[in-house]
Structures are given as structure tokens and as C-alpha cells.
Amino acid sequence: MTERIAVVTGGSRGIGRAIALRLAQDGAKVIITYVRGKEAADEVIETIKSNGGEAFAYQFDVSDYEATQTAFANILDKFGKVDYLINNAGITRDALLMRMKEEDWDKVVTVNLKGAFNCIKAVVRPMLKQKFGRIVNITSVVAFMGNVGQANYVASKAGLVGLTKALAKELAPKGVTVNAVAPGFIETDMTAGLPEKIKEYMLSLIPLGRFGQPEEVAEVVAFLVSDKAAYITGQVIHVNGGMYI
Ligand code: NDP
């Protein structure tokens with residue numbers, strides 16, 4: 001990689017953190033974004049720097065259109081370009097639909113799906129102009145399987161799959177690829193709080209017999225942004241231990 005600039009949304013923890021570290025390992029200059037956890041973001045920056053890489057953190061809420069445009073304008077101003085955009089920031093607000101509040105629907109769809117739109121809007125013109133770009137959207141296995149209590153989350157993640165496919169067709173003529181990665185059950189803060197019974201049930205669905213690690217998702221993202229993946233666009237790569245086949 002020659003001086004690639006990567007933006008990883010939600011790069012302060014979990015899967016985003018692992019992606020940030022992995023892309024830095026390949027020589028990319030990495031910009032992570034976060035919304036609340038400055039300490040966690042600082043730790044990622046320090047870890048990348050101590051490994052000889054370059055990293056920066058920006059704080060903004062991806063669901064806020066104006067704040068996102070402003071942050072990316074600053075990033076483009078400072079770094080001159082964005083080569084890789086990894087739309088990883090995501091949240092859950094689980095409840096059965098019968099009990100799901102309107103605000104829980106809005107919040108999840110706005111962060112997970114509109115957040116990706118907001119970030120893509122901010123980089124699409126410069127990527128088309130430089131005739132190069134890699135966009136990777138982090139969706140989920142549940143976009144394909146469904147999941148009880150996650151209608152909002154599943155809808156947002158299925159939406160990301162549609163967005164990936166439509167955008168891949170739009171941007172391909174200018175050398176910009178758009179793909180998605182669909183993790184299964186990965187050990188992060190997002191899954192740590194789930195009740196043991198649910199975890200046991202999830203484990204019983206995984207043929208490989210274990211949960212996934214953030215680094216195993218990061219590896220696929222690193223491949224998708226690399227030159228070796230230049231002929232791959234509009235695809236969803238599943239990383240789920242066989243949970244969905
Ligand atoms: P975590 O909860 O561990 O981390 C979420 C990250 O997103 C944090 O860096 C957080 O920042 C950031 N974030 C949350 N809300 C916003 C927002 N509004 N604006 C900007 N950043 C935000 O999640 P995971 O690492 O587990 O998940 C990462 C992605 O992978 C998500 O999209 C998730 O849906 C998806 N995924 C996860 C799976 C899993 O099993 N863990 C399975 C399938 C998909 P801060 O720390 O500041 O809050």
C-alpha cells in the first residue's frame with residue numbers, strides 16, 4: 001500500500017479497532033472515528049503508533065448528517081484524500097417489535113444505515129475524481145437469517161446489503177469498489193452483555209463450535225481493500241464459522 005488513507009468508523013472498539021490495527025499493519029494511515037469513548041480511541045491511536053504506524057481520531061456521530069460532512073471535510077482538508085471507507089459504526093437496541101419503541105427503531109436505523117449513507121456522501125465525489133476507492137460496509141449474519149428481537153437491527157443491516165449492491169453498480173465505472181462483510185457472532189462489547197442462555201444458543205448454531213474474533217473480520221476487510229481484491233465488487237463476504245451457509 002502506498003500511503004493509503006483509511007477511515008474506519010467506530011474504530012475505537014471491537015471489530016472497528018481490529019480493522020484499524022490491521023490496515024495500519026499494511027501501511028495505511030488510519031483515521032478512526034468514535035462518538036463517546038475518547039479513552040478507547042486514544043488507546044487505539046497509541047497502539048498503532050507504538051507499532052510504527054500513523055493514526056488519528058475524530059469524534060462525531062455518524063447519524064448526524066451535518067456533523068459527518070464537517071468531519072470528513074476536515075479529514076479531506078488535512079489528508080488530501082480518503083482511499084478506504086469502512087462503515088463499521090453500529091449499535092443495537094433490542095426488543096420484540098410489539099414492545100419496540102419508535103425511538104429504538106429510528107436510532108438503530110439512523111446510526112447503522114443512514115450513518116453509512118452520510119459517510120459515503122462525504123467521500124464519493126473525491127473517490128470518483130481520483131478514480132479509486134474502496135468502501136466496505138459491515139453488515140451482519142442476521143441480515144440473512146433474521147433474529148428475534150432485532151427487527152430494527154436486522155432491517156438496518158439488510159439495508160446495508162442493498163446499499164452495497166446498488167452503489168457497487170454506480171461506482172464501478174470509476175474504479176471504486178463497494179463490498180460488505182457479514183460477521184456472525186464476534187466477541188466484542190456488543191455481544192459481551194448478552195444473557196448466557198442466548199450465547200449458549202448462538203454457539204449451538206455455529207458448526208465451527210466457537211465465537212469469532214474481531215481480527216478474523218479485520219483480515220477480510222484488509223483483503224477487500226487490497227489490490228488483490230480489485231475485481232471484487234457488490235459482494236457480501238460472510239465470516240461466521242458456518243452459522244449461515
Ligand atoms: P462495539 O459496540 O464493540 O463498538 C461499536 C463502535 O461503534 C464503537 O467504536 C462506537 O464508538 C462506535 N459507534 C457507536 N455509535 C456510533 C455513532 N452514532 N457514531 C459513530 N460511532 C459510533 O461493536 P462491534 O465491534 O461488536 O461491532 C462493530 C460493527 O460490526 C457494528 O456495525 C455491528 O453491528 C457489526 N457486527 C457485530 C457483530 C458482533 O457479533 N459483535 C456481528 C455482526 C455485525 P464509542 O466507543 O465512542 O461508543
Side-chain angles (χ1 to χ4, degrees), residues 7-22 30-45 55 57-72 85-94 104 106-119 122 136-147 150 152-161 163-164 180-194 198-199 202-203 205-206 210-218 220-221 236-241 243-244:
V7 176
V8 183
T9 69
S12 58
R13 291 190 283 120
I15 294 171
R17 178 185 182 277
I19 294 170
L21 264 54
R22 183 62 184 77
V30 179
I31 295 143
I32 62 163
T33 84
Y34 67 101
V35 68
R36 280 169 301 269
K38 182 173 187 316
E39 250 176 54
D42 288 344
E43 184 273 331
V44 176
I45 301 301
Y58 283 72
Q59 191 264 332
F60 61 94
D61 183 340
V62 294
S63 69
D64 180 333
Y65 184 81
E66 289 307 328
T68 304
Q69 305 314 304
T70 303
F72 273 93
L85 168 64
I86 317 301
N87 283 311
N88 165 80
I91 57 164
T92 53
R93 292 279 186 282
D94 297 352
D104 292 335
D106 287 346
K107 183 76 188 163
V108 168
V109 173
T110 312
V111 172
N112 296 4
L113 182 54
K114 188 171 176 240
F117 165 80
N118 291 345
C119 295
V136 180
N137 298 318
I138 307 299
T139 173
S140 169
V141 67
V142 297
F144 299 85
M145 296 174 70
N147 202 19
Q150 288 200 310
N152 50 359
Y153 182 78
V154 172
S156 71
K157 293 298 183 180
L160 276 179
V161 174
L163 173 66
T164 300
V181 175
F185 192 110
I186 309 296
E187 286 184 321
T188 68
D189 294 344
M190 184 177 270
T191 48
L194 290 172
I198 304 259
K199 285 190 192 172
M202 289 292 177
L203 193 56
L205 300 178
I206 304 171
R210 64 173 177 85
F211 297 133
Q213 294 304 312
E215 291 73 20
E216 295 177 302
V217 179
V220 176
V221 175
V236 182
I237 312 293
H238 293 266
V239 184
N240 61 32
M243 190 177 182
Y244 173 81

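Atoms within each ligand, like the ligands themselves, are counted from 1 in listed order.
- Counting heavy atoms closer than 4.0 Å to ligand 1, residue Glu187 contributes nothing at all.
- The protein heavy atom nearest to atom 28 (C) of ligand 1 is Asn88 OD1, 3.2 Å.
- Ile206 places none of its side-chain heavy atoms less than 4.5 Å from the side chain of Asn240.
- Between Val62 and Ala89, the shortest heavy-atom distance links the atoms CG2-CB, 4.1 Å.
- Listed by atom number, the atoms of ligand 1 under 4.0 Å from Thr191 heavy atoms are 39 (C), 40 (O), 41 (N).
- The two residues Leu113 and Gly159 have their closest heavy-atom pair at CD1-C, 3.6 Å.
- Summarising the geometry of Gly14 relative to Thr188, their closest heavy-atom pair is CA-CG2, 3.8 Å, with the distance given to 0.1 Å.
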side-chain contact (heavy atoms from CB on, under 4.5 Å) between Lys157 and Gln150: does it pass, once the steps are laid out?
CA-CA 10 Å; Lys157 293 298 183 180; Gln150 288 200 310; over 6 Å; no
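- When hydrogens are left out, the protein atom nearest atom 7 (O) of ligand 1 is Gly10 CA, 3.5 Å; that is the closest non-hydrogen contact.
- Of all non-hydrogen atoms in Ala158 and Ala143, the two that sit nearest each other are N-CB, 3.6 Å.
- In this structure, atom 33 (C) of ligand 1 lies nearest to the protein heavy atom Tyr153 OH, 3.4 Å.
- Here the heavy atom of the protein found nearest to atom 1 (P) of ligand 1 is Arg13 NH1, 3.7 Å.
- The main-chain N or O of Ser12 is never found under 3.5 Å from a side-chain atom of Glu43 such that the two would form a donor-acceptor pair.
- Between Ile15 and ligand 1, a contact under 3.5 Å exists for at least one N or O pair.
- At under 3.5 Å, not a single nitrogen or oxygen of Tyr34, backbone or side chain, sits near a nitrogen or oxygen of ligand 1.
- Using a 4.0 Å cut-off between heavy atoms, Asp61 contacts ligand 1 through both its backbone and its side chain.
- In terms of protein heavy atoms, atom 42 (C) of ligand 1 is closest to Gly184 O, 2.8 Å.
- Of the polar atoms of Val35, at least one N or O is found under 3.5 Å from an N or O of ligand 1, judged by distance alone.
- Comparing heavy-atom distances from atom 23 (O) of ligand 1 across Lys38, Lys107, Met190 singles out Met190 as nearest.
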Arg22 and Val221: CA distance, side-chain angles, deciding distance, side-chain contact (heavy atoms from CB on, under 4.5 Å) verdict:
CA-CA 9 Å; Arg22 183 62 184 77; Val221 175; over 6 Å; no
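- Using a 4.0 angstrom heavy-atom cutoff, Lys157 counts as in contact with ligand 1.
- A donor-acceptor contact under 3.5 angstrom links the side chains of Asp61 and Ser63, judged on distance only.
- Residue contacts with ligand 1: Ser140 is placed with no nitrogen or oxygen under 3.5 Å of a nitrogen or oxygen of the ligand (distance criterion only).
- The part of Val111 lying near ligand 1 is the side chain, judged by heavy-atom distances below 4.0 Å.
- Near Phe60, meaning under 4.0 Å from any of its heavy atoms, are these atoms of ligand 1: 19 (N), 20 (C).
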Does Val44 form a side-chain contact (heavy atoms from CB on, under 4.5 Å) with Tyr34? I'd like the steps, not just the answer.
CA-CA 11 Å; Val44 176; Tyr34 67 101; over 6 Å; no
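- Closest to atom 19 (N) of ligand 1, if we only count protein heavy atoms, is Val62 N, 3.0 Å.
- Here the protein heavy atom with the shortest distance to atom 9 (O) of ligand 1 is Ser12 OG, 2.7 Å.
- The single protein non-hydrogen atom nearest to atom 40 (O) of ligand 1 is Ile186 N, 2.8 Å, given as residue, atom name and distance.
- With a 4.5 Å cut-off on side-chain heavy atoms, Ile19 and Val136 do not count as touching.
- Contact atoms of ligand 1 toward Phe185: 40 (O) (distance under 4.0 Å to a heavy atom of the residue).
- In terms of N/O distances under 3.5 Å, ligand 1 is not approached by Pro183.
- Within the 3.5 Å criterion, the main-chain N or O of Ile91 finds a donor-acceptor partner in the side chain of Asn112.
- The part of Thr139 lying near ligand 1 is the backbone, judged by heavy-atom distances below 4.0 Å.
- Nearest heavy-atom pair, Thr9 versus Asn88, reported as atom, atom and distance to 0.1 Å: OG1-N, 2.9 Å.
- Close approach of ligand 1 to Asp189 (heavy-atom distance below 4.0 Å) involves ligand atoms 3 (O).
- The option from Arg17, Met243, Arg36 that lies nearest to atom 48 (O) of ligand 1, judged by heavy atoms, is Arg36.
- Using a 4.0 Å cut-off between heavy atoms, Thr188 contacts ligand 1 through its side chain alone, with no backbone atom that close.
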Using side-chain contact (heavy atoms from CB on, under 4.5 Å), reason through Phe72 and Tyr58 one step at a time and then give a plain yes or no.
CA-CA 9 Å; Phe72 273 93; Tyr58 283 72; over 6 Å; no
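- Nearest heavy-atom pair, Val141 versus Met243, reported as atom, atom and distance to 0.1 Å: CG1-SD, 4.1 Å.
- Close contacts of ligand 1 with Ile91, meaning ligand atoms under 4.0 Å from a residue heavy atom, involve 14 (C), 15 (N).
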